Structure formats: structure tokens, C-alpha cells
Amino acid sequence: MEKIPVAVASDHAGYALKEFLKNKLSLAGYAVVDAGTDSAASCDYPVYAEAGCRKVLDGEAALCILCCGTGAGMSIAANKMKGIRAACCSDTFTARYIRLHNDANVLCLGARVVGEGLAWELAEAFLTAEFEGGKHARRVGLITKLEENN
Ligand code: RB5
């Protein structure tokens, strides 16, 4: 399977996990686009949610992984951006199905929730699944309408 460019971003709480994932992604053959942060110094997660999502919206990356303490703040912020469908996952079934059924383009992880091993399994599940289209495309289209109208 062709490897896709993947953006990663985090706040301070997700920094160590982002660095871990960057290394794993590179070893697995993905092109990694790092949108920060670049240290464990305290910072604001919406800034990095935007920076990571921007890489997808600008076409530099096909998908993005965002890490913060819970993954929740990142997903809330990311979903405010038009064209972004982000979900916070801590089980591999959901991490796979957000691609298959929801065409999610951003996976959010909680570094204080999942360990490194599970985080990598979540990333792999997300990155290797493909959107199924069909009736799911209609539903994703309805989400886009919600975004346009609200
Ligand atoms: C930072 O302490 C923490 O609030 C942040 O990483 C994230 O969990 C927010 O949702």
C-alpha cells in the first residue's frame, strides 16, 4: 500500500507522544509533517490543532494526528475548522471506523489516556483504513451541510 503524508501536532501534554509517533511513522515509511509544538513547555492546544489541521486543508498531508492530554480539547478545536472531521479515540475499532464510515481526516489521542503501544495501534488502524463511500458518503455530505449552514 502506498504510504501517505501524515501531519502530527500536539500541545505540551501530548508532546512526548507526538515525538514517539513521529519516529514510528517514519520507520513505517510515512512522510511526517510536524506542525509543532517543539518542546514540553506549556502552550495552548487550539493553536496546534489549527496548525495540524491546516496541513491537511492545504494538501501538505492527507491525514493528521493530534495529541493533547485527553485528546478531547484537540478534537473540539479541530472540528471548528471547515473540512475537518476529527475524532478522539482510545479503541482500535473506533479508530478504524472513523475512516471507513466517517471519512475522518484527523485522529485525536490523549497522551494521559493511552500508552505508547496503544497509541501506535490506534494510529495504524486509522491510517490503513479507507473510506467506504456509498451511503456513508451521503451522511458525510450531510455533515458538510451542517458545517455550511451553522
Ligand atoms: C493541558 O493540561 C490539557 O488541558 C490539554 O492537553 C488537553 O487535555 C485539553 O483538552
Side-chain angles (χ1 to χ4, degrees), residues 3-28 30-131 136 139-140 142-150:
K3 303 281 183 178
I4 53 176
V6 178
V8 293
S10 75
D11 69 353
H12 56 287
Y15 175 69
L17 183 60
K18 171 176 72 76
E19 294 301 301
F20 168 79
L21 290 173
K22 256 170 67 178
N23 186 45
K24 293 288 283 184
L25 289 164
S26 297
L27 289 172
Y30 290 96
V32 182
V33 183
D34 189 347
T37 185
D38 59 7
S39 80
S42 184
C43 61
D44 299 328
Y45 61 82
V47 172
Y48 294 97
E50 181 181 6
C53 291
R54 193 69 65 196
K55 301 290 183 193
V56 173
L57 296 174
D58 291 350
E60 254 189 87
L63 297 170
C64 175
I65 301 175
L66 300 174
C67 306
C68 67
T70 59
M74 282 295 199
S75 67
I76 292 168
N79 280 312
K80 300 295 179 195
M81 295 184 71
K82 279 196 172 152
I84 294 298
R85 289 174 298 280
C88 177
C89 297
S90 52
D91 71 274
T92 53
F93 180 87
T94 307
R96 177 169 149 77
Y97 272 80
I98 61 168
R99 289 286 307 127
L100 295 177
H101 286 189
N102 312 121
D103 200 17
N105 45 16
V106 178
L107 170 69
C108 302
L109 300 175
R112 294 171 180 162
V113 181
V114 299
E116 289 181 344
L118 177 54
W120 176 240
E121 289 193 6
L122 293 163
E124 281 187 306
F126 173 69
L127 296 173
T128 57
E130 284 186 29
F131 183 48
H136 303 295
R139 293 163 185 166
V140 171
L142 290 170
I143 293 174
T144 303
K145 272 199 181 149
L146 275 176
E147 190 177 66
E148 283 163 2
N149 297 335
N150 290 279

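When a ligand or atom number is given, it counts from 1 through the structure's own listing order. All of these numbers come straight from a predicted model, not from anything done at the bench.
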Decide yes or no on salt bridge (Lys or Arg N to Asp or Glu O under 4.0 Å) for K22 and E19, but give the supporting numbers first.
CA-CA 5 Å; K22 256 170 67 178; E19 294 301 301; 3.4 Å; yes
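Shown in contact with G69 at under 4.0 Å from a heavy atom are these atoms of ligand 1, numbered in order with element: 5 (C), 6 (O), 7 (C), 8 (O). Close approach of ligand 1 to A13 is summarised as follows: ligand atoms under 4.0 Å from at least one heavy atom of the residue are 6 (O). Listed by atom number, the atoms of ligand 1 under 4.0 Å from H12 heavy atoms are 1 (C), 2 (O).
Atom 6 (O) of ligand 1 has as its closest protein heavy atom D11 OD2, 2.5 Å. Ranking the protein heavy atoms by distance from atom 2 (O) of ligand 1 puts R112 NH1, 3.3 Å first. Nearest protein heavy-atom contact of atom 9 (C) of ligand 1 is Y45 CE2, 3.5 Å. Counting only heavy atoms of the protein, atom 8 (O) of ligand 1 lies nearest to T70 N, 3.0 Å. Summary of contacts: the protein heavy atom closest to atom 10 (O) of ligand 1 is G73 N, 3.0 Å.
Looking at heavy atoms from C-beta onward, R85 lies in side-chain contact with D103 at the 4.5 angstrom threshold. A heavy-atom distance below 4.5 Å is found between the side chains of E116 and L17.
Within 6.0 Å of CG on D44 lie no more than 12 heavy atoms contributed by other residues, nucleotides or ligands.
In summary, of the residues considered (L66, V8, I98), a side-chain contact (heavy atoms from CB on, under 4.5 Å) with L107 occurs for I98 alone.
Under the 30°/60° scheme for interplanar angles, the aromatic rings of F93 and Y97 are found to lie parallel.
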